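Before any comments, here is the structure.
This is a predicted model, so every value here is computed, not measured.
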Amino acid sequence: MSTLVKQSLKELARLEDFQNAIGLYAHQMGYSAQVIQTGFRMMFSHWNDAEFHGFIQNEIPELDARYYQSFFDIDLSFEKRRSILPCACSERIFLVSASTVPSAAFQDVLLTLLLPVHLIHRPSHSQSGFFQSVHTWLSLKAPRLAERWELIEPTYEDLYLSKIISSCDALNISASQKTIEHFRTLRDGLPIEKRPKKWIEHGHKVSAIILFKEDFDALTDADFDAIAWDASIWDQTGCLSPKSIYMECSQQEAEQFAHQLIAAFDRVAEQLPEIMPDTASLAKRNSALIMAEIEGCRMMHANRNHDCIIIHPEGGFPILLPRILNLFPVRDATHELVTLTAHGQALGTKKLLSESEKNLFSQAGYHVFCGLGQMQNPPLTWFHDNIGTLRPYLMRNA
């Protein structure tokens with residue numbers, strides 16, 4: 001079989017193709033256009049041959065290397081796409097994407113369409129208009145992919161959703177725990193023979209930063225900017241957004257650290273401005289901050305965006321709301337991180353972690369380890385939730 005590529009997926013990585021749609025739907029999606037553009041720009045930086053090859057080796061290691069290029073050929077026919085796959089896979093996939101990080105949902109759609117599948121996609125209400133625009137664009141740029149992507153309205157009509165679930169052999173949902181549980185209820189209400197064989201869930205996770213005692217003397221302005229950058233992309237709403245910093249220092253040192261970090265937040269805000277939160281969000285935020293102050297927390301507010309740093313007393317618990325970064329000055333950051341965080345995702349560090357440290361932190365769920373400033377810029381080879389992007393749809397012999 002020829003491996004000649006007419007047009008690779010990487011040819012679609014053109015931010016300028018989305019400028020109008022981003023400008024039109026940014027406010028509906030809940031972010032400034034600058035934040036959305038930055039997210040897409042970072043994602044597209046990983047759409048290259050080296051990371052494509054690493055992605056395939058992680059997700060479909062059985063795929064013959066002769067067909068790597070063909071796999072990413074957006075003009076490859078459905079029949080040829082199926083013939084190069086070394087094993088069977090799901091045929092109809094129902095993708096329910098979250099209301100956060102539109103570039104991540106976009107990437108999930110495009111990568112899934114590289115499999116010989118029919119994809120039914122229910123975006124969130126906030127992203128429905130944007131994805132309608134993307135679907136029109138893909139129909140022009142890569143019609144063989146677009147024709148297998150069925151975009152549906154973001155409805156909550158149970159009968160309609162149950163019908164779709166029963167028509168698919170795989171469901172992949174990224175959502176809050178409440179939404180995930182609702183979809184489980186719809187599934188469990190179906191006869192066993194009509195339930196999807198593959199069921200993939202990506203619920204809310206908590207990412208964090210850990211700073212060891214020896215890190216403090218080595219912190220630079222670039223480090224503070226990197227932390228502020230990590231916490232500003234997607235307004236701290238994504239699963240890779242750092243919510244807490246566990247730091248081996250005194251309360252006084254934590255306050256000095258917070259002063260420097262607030263200045264960094266204001267610098268980063270020039271590149272990544274927020275949109276004004278709505279009244280309900282501000283009320284919820286204010287109530288949480290008042291309670292934190294009553295419980296003995298110290299807080300500092302940025303001047304440009306609604307960034308707030310909370311310094312917790314011993315034994316405190318993080319406030320998991322957008323643009324609130326929780327500082328925990330402790331004696332033993334490793335102990336606190338492992339015991340307080342049950343559903344970890346990404347862990348940012350200044351120093352490189354040893355394999356034994358990574359194994360220890362993995363007990364708290366952390367499986368993405370990265371340097372400061374890179375927490376929300378995962379490579380294409382990131383194995384999402386230790387599940388993968390395409391691997392769950394493959395049907396291998398036991």
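- When all heavy atoms of Phe18 and Leu12 are compared, the closest pair comes out as CE1-O, 4.2 Å.
- Using a 4.5 Å cut-off on side-chain heavy atoms (C-beta onward), Leu161 and Val96 make no contact.
- Note on Phe224: it clusters hydrophobically with Leu327, by side-chain heavy-atom contacts below 4.5 Å among ILVMFWY residues.
- With respect to the salt-bridge test (charged N to carboxylate O, under 4.0 angstrom), the residues Asp235 and Arg323 qualify.
- The aromatic rings of Tyr31 and Trp234 lie perpendicular to each other, with more than 60° between the two planes, well past the 30° mark.
- For the pair Asp169 (side chain) and Arg92 (backbone), a donor-acceptor distance under 3.5 Å is present.
- Note on ring orientation: taking the six-membered ring where Trp is involved, the planes of Phe72 and Phe52 are parallel (angle under 30°, cut-offs 30° and 60°).
- Counting all heavy atoms, side chain and backbone alike, Arg285 lies closest to Pro322 at NH1-O, 3.3 Å.
- Side-chain contact check for Tyr393 and Asn172: at least one donor-acceptor pair (N or O, by modelled atom type) lies under 3.5 Å.
- With hydrophobic clusters built from ILVMFWY side chains whose heavy atoms lie under 4.5 angstrom apart, Leu240 does not share a cluster with Leu347.
- Grouping the Ile, Leu, Val, Met, Phe, Trp and Tyr side chains by contacts below 4.5 angstrom, directly or via other members, places Trp149 with Ile74.
- Between Phe44 and Phe106, the ring-plane angle classifies as perpendicular under the 30° and 60° cut-offs.
- Applying the 6.0 Å contact sphere to CZ of Arg267 captures more than 12 heavy atoms from other residues, nucleotides or ligands.
- Side-chain atoms of Asp215 come within 3.5 Å of backbone N or O of Phe212 as a donor-acceptor pair.
- Within 6.0 Å of CD in Glu91 there are 12 or fewer heavy atoms belonging to other residues, nucleotides or ligands.
- With sequence neighbours excluded, no residue forms a side-chain hydrogen bond (donor to acceptor under 3.5 Å, both in side chains) with Thr349.
- A donor-acceptor distance shorter than 3.5 angstrom exists from the side chain of Glu357 to the backbone of Ser354, with no hydrogens or angles considered.
- Hydrophobic clustering of Ile, Leu, Val, Met, Phe, Trp and Tyr side chains at less than 4.5 Å, counting indirect connections, unites Leu353 with Leu337.
- When atom types are taken as modelled, the side chain of Arg122 and the backbone of Phe94 share no donor-acceptor pair closer than 3.5 angstrom.
- Qualifying salt bridge (Lys or Arg N to Asp or Glu O under 4.0 Å) partners for Arg184, counting only residues two or more places apart in sequence or in other chains: Glu201.
- Heavy-atom minimum distance, Met300 versus Ala258: SD-CB, 3.6 Å.
- The aromatic rings of Phe130 and Tyr25 stand perpendicular to each other, their planes meeting at an angle above 60°, with 30° marking the opposite boundary.
- Atom NE2 of His301 has more than 12 heavy atoms from other residues, nucleotides or ligands within 6.0 Å.
- Note: the hydrophobic cluster containing Ile324 does not contain Phe257 (ILVMFWY, side chain heavy atoms under 4.5 Å, direct or indirect links).
- Within 6.0 Å of CD in Glu153 there are 12 or fewer heavy atoms belonging to other residues, nucleotides or ligands.
- Residue-environment remark: CD (Glu147) exceeds the threshold of 12 foreign heavy atoms within 6.0 Å.
- Of the N and O atoms on the side chains of Trp229 and Gln271, not one donor lies less than 3.5 Å from an acceptor on the other residue.
- Considering only residues two or more places apart in sequence or on other chains, Glu255 meets the salt bridge (Lys or Arg N to Asp or Glu O under 4.0 Å) condition with Arg298.
- With hydrogens and angles left out, the side-chain atoms of Asp385 and Gln345 include a donor and acceptor closer than 3.5 Å.
- Remark: Glu214 CD is packed, more than 12 non-hydrogen atoms of other residues, nucleotides or ligands lying under 6.0 Å away.
- Between Phe78 and His118, the ring center distance fails the sub-6.0 Å criterion.
- Remark: Leu380 CG to Asn48 CG distance equals 8.0 Å, nearest 0.5 Å.
- No more than 12 heavy atoms of other residues, nucleotides or ligands sit less than 6.0 Å from atom CG of Asn20.
- Side-chain atoms of Ser241 and Gln376 form a donor-acceptor pair, as typed in the model, at a separation below 3.5 Å.
- More than 12 heavy-atom neighbours from other residues, nucleotides or ligands sit within 6.0 angstrom of NZ on Lys358.
- Counted by atom type alone, Thr185 and Asp188 present zero donor-acceptor pairs between their side chains at under 3.5 Å.
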